[in-house]
Undergrad: 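Pasting in a structure now, in structure tokens, and then I'll have a few things to ask.
All ligand and atom numbering here is 1-based and tracks the order in the structure. Note: hydrogens, waters and symmetry copies are ignored here, and every other heavy atom, side chains too, is used.
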Amino acid sequence: MTETGGKILILGSTGFIGRALVAALGARAIPTVRKPVVGDPDSGANSGAPSAALSGAPLILDFMRPEPFIEMLSESDGFGARAAVIVAAEAKVDPCFLEPDRTFALNVEAPERLAKALAAKGIRPIFLSSEYVFDGASGRYTEAAAPNPQTAYGRQKLEAERRVLAAAPDALILRLTKILGDDPDDGTLLVTTRKQLLAGQTIAAATDQAFSPIFVGDLVRMIEAFVDRGSLGLFHIAGRDHVDRHGIVTLLAQTMDLAEGADIKAVSLDDVDFAEPRPRNLTMIGEKAIAETGIEPMNMQALCKRVAAIGQG
Ligand SMILES: NC(=O)c1ccc[n+]([C@@H]2O[C@H](COP(=O)([O-])OP(=O)(O)OC[C@H]3O[C@@H](n4cnc5c(N)ncnc54)[C@H](OP(=O)(O)O)[C@@H]3O)[C@@H](O)[C@H]2O)c1
């Protein structure tokens, strides 16, 4: 049965996905930020005041010190939220290896504690996990595939999935593929590549790193649909195109009519100096989420056209 309505807490609203969620959800979103926004007296005043969520000012939640938020949540009426997306994380791979204690607290312990506090209020946690829970040996991973993380980031995400589910058995776990945006300043692969192509820069792109990217606009529509349907369990969020990094960079250059002059170097992941070796084939099958939400992800050609058209009115 389809259920609709209800606010959605966005725990960590200032990063790439958090911003997209808040923009798409509008008045449904109750955002949190790590610290008061400089120059906005309201956002500082609300740390701890349950009425802040009703005033529209962002709530304060530092994942490294979630106690004040958890206390405020437990004393509140839950702000009318039916779900909470646990977004904030150390989302880069190497820092999780290089700073294990900080990132374990941020990526594993905080989501577990928040999930427990949310469940106590009847608010369903939605945890954003990653394709890095897989080893990248075979690709085309479905929800039935056995995780086997090869990086500290992947191990943290898998551990967090397990702890969130133990703390809140009706949590929704979304394993995200590489998410692509079309905001010129979002720092994602296509918009960054567009800038490099326009500047005539050399672009090194691996031919042995595969993923199944999805547009951030489709991700946020799917999350809203999951909330409104009351969906439970584990879903892979992935597009239908399985591409390597070199392939997608080349597709964008072709779409921008810049392929001929572009200096796109085919490299291997082995040529890149990462702190930890990267899994190679992290493609996932997103069929279950597509069927559940009824949202057909934009294909890579259409997304490249969209990014190529940036600034053309
Ligand atoms: N983007 C992808 O392709 C992708 C793929 C798979 C999974 N994911 C997962 O999706 C989630 C969001 O990713 P993203 O790409 O949007 O990441 P992002 O742009 O790097 O944003 C990270 C967010 O975490 C917040 N944060 C960091 N430390 C914090 C703390 N101590 N307290 C509160 N907030 C803190 C940041 O806040 P500040 O602005 O204050 O630093 C920011 O809002 C992550 O869980 C990530 O692992 C993303």
Side-chain angles (χ1 to χ4, degrees), residues 9-24 29 31-38 43 47 58-70 84-96 99 101-115 125-134 141 149 151-161 164 172-181 183 185-192 209 211-220 222-223 235-239 245 248 278-279 282-284 286 289 303:
L9 278 158
I10 308 300
L11 305 184
S13 65
T14 52
F16 167 52
I17 293 171
R19 286 195 309 268
L21 276 165
V22 171
T32 76
V33 295
R34 185 207 307 233
K35 47 187 181 228
V37 180
V38 178
S43 75
S47 51
L59 300 165
I60 307 300
L61 166 57
D62 182 346
F63 272 48
M64 297 302 284
R65 210 177 141 263
E67 299 82 7
F69 178 84
I70 288 173
V85 192
I86 302 175
V87 189
E90 175 51 75
K92 293 192 195 79
V93 178
D94 280 351
C96 296
E99 303 164 69
D101 294 343
R102 176 186 73 84
T103 56
F104 193 83
L106 177 55
N107 286 358
V108 181
E109 290 172 347
E112 177 185 26
R113 296 178 66 188
L114 290 165
I126 300 176
F127 177 66
L128 301 188
S129 183
S130 159
E131 81 273 54
Y132 272 79
V133 300
F134 295 111
Y141 298 107
T151 58
Y153 173 70
R155 283 189 292 277
Q156 288 177 357
K157 284 295 188 184
L158 184 60
E159 180 66 16
E161 286 184 8
V164 165
L172 183 64
I173 308 290
L174 304 181
R175 287 190 186 138
L176 311 186
T177 182
K178 181 172 278 302
I179 312 297
L180 299 178
D183 174 334
D185 299 315
D186 70 22
T188 53
L189 176 62
L190 286 179
V191 293
T192 304
Q209 184 187 37
F211 34 75
S212 34
I214 194 167
F215 177 47
V216 67
D218 292 329
L219 165 68
V220 299
M222 281 184 175
I223 290 177
F235 290 88
H236 286 183
I237 308 297
R245 188 177 275 267
I248 196 162
R278 292 291 194 271
L282 288 175
T283 54
M284 295 194 296
L303 185 51

Undergrad: Of Thr283, Leu190, Ile248, Leu303, which is the lone residue that meets side chain to side chain contact (heavy atoms under 4.5 Å, CB included) with Pro213?
TA: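 The side chain to side chain contact (heavy atoms under 4.5 Å, CB included) with Pro213 is passed solely by Ile248 among Thr283, Leu190, Ile248, Leu303.
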Undergrad: Pull out every atom of ligand 1 sitting under 4.0 Å from any heavy atom of Val87, numbered as shown with elements.
TA: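 By the 4.0 Å cutoff, the relevant atoms are 11 (C), 12 (C), 44 (C), 45 (O).
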Undergrad: Considering the heavy atoms of Leu106, write down every atom of ligand 1 situated less than 4.0 Å from one of them.
TA: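 Checking each atom against Leu106, I get 28 (N), 29 (C), 30 (C), 31 (N).
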Undergrad: Rounded to the nearest 0.5 Å, how far apart are CZ of Phe134 and OH of Tyr141?
TA: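 Output value for this atom pair is 7.0 Å.
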Undergrad: Which is it for Asp186 and Val216 under the side-chain contact (heavy atoms from CB on, under 4.5 Å) test, yes or no, and what are the steps along the way?
TA: CA-CA 11 Å; Asp186 70 22; Val216 67; 5.6 Å; no
Undergrad: Taking only heavy atoms of Thr177 into account, list the atoms of ligand 1 that are under 4.0 Å away from them.
TA: 3 (O), 5 (C), 6 (C)
Undergrad: If we only count heavy atoms from C-beta on, is the Arg155 to Cys96 side-chain gap below 4.5 Å?
TA: no
Undergrad: I'd like to check which ligand 1 atoms, numbered from 1 as shown, lie under 4.0 Å from a non-hydrogen atom of Met64.
TA: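 Selected atoms, number and element: 31 (N).
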Undergrad: Could you find the nearest protein heavy atom to atom 32 (N) of ligand 1 and give me its residue, atom name and distance?
TA: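 For this ligand atom, the closest protein heavy atom is Phe63 N, 2.8 Å.
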Undergrad: What is the closest protein heavy atom to atom 31 (N) of ligand 1, and at what distance does it sit?
TA: Asp62 OD1, 2.9 Å
Undergrad: Which residue holds the protein heavy atom closest to atom 17 (O) of ligand 1, what is that atom called, and what is the gap in Å?
TA: Ala91 CB, 3.7 Å
Undergrad: Is there a heavy atom of Lys157 sitting under 4.0 angstrom from any atom of ligand 1?
TA: yes
Undergrad: Return the closest protein heavy atom for atom 26 (N) of ligand 1 as residue, atom name and distance.
TA: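 Going atom by atom, the protein heavy atom closest to atom 26 (N) of ligand 1 ends up being Ala88 CB, 3.8 Å.
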Undergrad: Is there a side-chain contact between Arg175 and Glu131 (heavy atoms, below 4.5 Å)?
TA: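 SC-SC contact between Arg175 and Glu131 ruled out.
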Undergrad: Just go through Leu282, Asn107, Leu128, Leu176 and tell me whose heavy atom is the nearest to atom 6 (C) of ligand 1.
TA: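 When every heavy atom of Leu282, Asn107, Leu128, Leu176 is considered, Leu176 comes closest to atom 6 (C) of ligand 1.
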Undergrad: Knowing that exactly one of Leu219, Leu176, Leu11 qualifies, which makes a side chain to side chain contact (heavy atoms under 4.5 Å, CB included) with Leu128?
TA: Leu176
Undergrad: Enumerate the atoms of ligand 1 whose separation from the nearest heavy atom of Thr14 is less than 4.0 angstrom.
TA: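 It comes down to these atoms of ligand 1: 36 (C), 37 (O), 38 (P), 39 (O), 40 (O), 42 (C), 43 (O).
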Undergrad: Quick one: which ligand 1 atoms are inside 4.0 Å of a heavy atom on Lys178?
TA: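 The atoms of ligand 1 under 4.0 Å from a heavy atom of Lys178 are 3 (O).
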Undergrad: Counting only heavy atoms closer than 4.0 Å, does ligand 1 sit against the backbone of Leu61, its side chain, both, or neither?
TA: backbone
Undergrad: Where is the nearest protein heavy atom to atom 21 (O) of ligand 1: which residue, which atom, and how far?
TA: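 Answer, as residue, atom name and distance: Gly15 CA, 3.4 Å.
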Undergrad: Please state which protein non-hydrogen atom is closest to atom 19 (O) of ligand 1 and give its distance, to 0.1 Å?
TA: Phe16 N, 2.9 Å
Undergrad: Is the closest heavy-atom distance from Leu180 to ligand 1 below 4.0 Å?
TA: no
Undergrad: Taking the minimum heavy-atom distance to atom 22 (C) of ligand 1, which of Pro66, Ala89, Ala105 ranks first?
TA: Ala89
Undergrad: Nearest 0.5 Å please: distance from the CG atom of Asn107 over to the OG atom of Ser129.
TA: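 Taking CG in Asn107 and OG in Ser129, the distance rounds to 10.0 Å.
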Undergrad: How long is the gap from CD on Glu109 to CD on Gln156, to the nearest 0.5 Å?
TA: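 One gets 10.0 Å once the value is rounded to the nearest 0.5 Å.
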Undergrad: Contact between Lys92 and Tyr153 at the side-chain level, heavy atoms closer than 4.5 Å - yes or no?
TA: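 The answer is no; the side chains never approach within 4.5 Å.
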Undergrad: Would you mind running through ligand 1 and noting each atom that sits below 4.0 Å from a heavy atom of Ser129?
TA: 6 (C), 7 (C)
Undergrad: Tell me the protein heavy atom at minimum distance from atom 3 (O) of ligand 1, and give that distance in Å.
TA: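 Atom 3 (O) of ligand 1 sits closest to the protein heavy atom Ile179 N, 2.9 Å.
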Undergrad: Can you tell me how far apart CG (Leu158) and CD1 (Ile173) are? Round to the nearest 0.5 Å.
TA: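 It comes to 10.0 Å.
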Undergrad: Side chain or backbone of Tyr153 under 4.0 Å from ligand 1, or both, or neither, by non-hydrogen atoms?
TA: side chain
Undergrad: Once you round to the nearest 0.5 Å, how far does CZ of Phe63 lie from OG1 of Thr32?
TA: 6.0 Å
Undergrad: Should Thr151 and Pro279 count as side-chain neighbours, where that means a heavy-atom distance under 4.5 Å?
TA: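 Yes - at least one pair of side-chain heavy atoms lies under 4.5 Å apart.
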Undergrad: Considering only protein heavy atoms, which is closest to atom 10 (O) of ligand 1, and at what distance to one decimal place?
TA: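 Here the nearest protein heavy atom works out to Ile17 CD1, 3.6 Å.
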Undergrad: As a check for students: among Arg34, Arg65, Arg19, Arg102, identify the option with a heavy atom nearest to atom 40 (O) of ligand 1.
TA: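 Checking each option, the heavy atom nearest atom 40 (O) of ligand 1 is found in Arg34.
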Undergrad: Would you find a donor on one side and an acceptor on the other, under 3.5 Å apart, between the side chain of Thr188 and the backbone of Gly181?
TA: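 Answer holds: yes.
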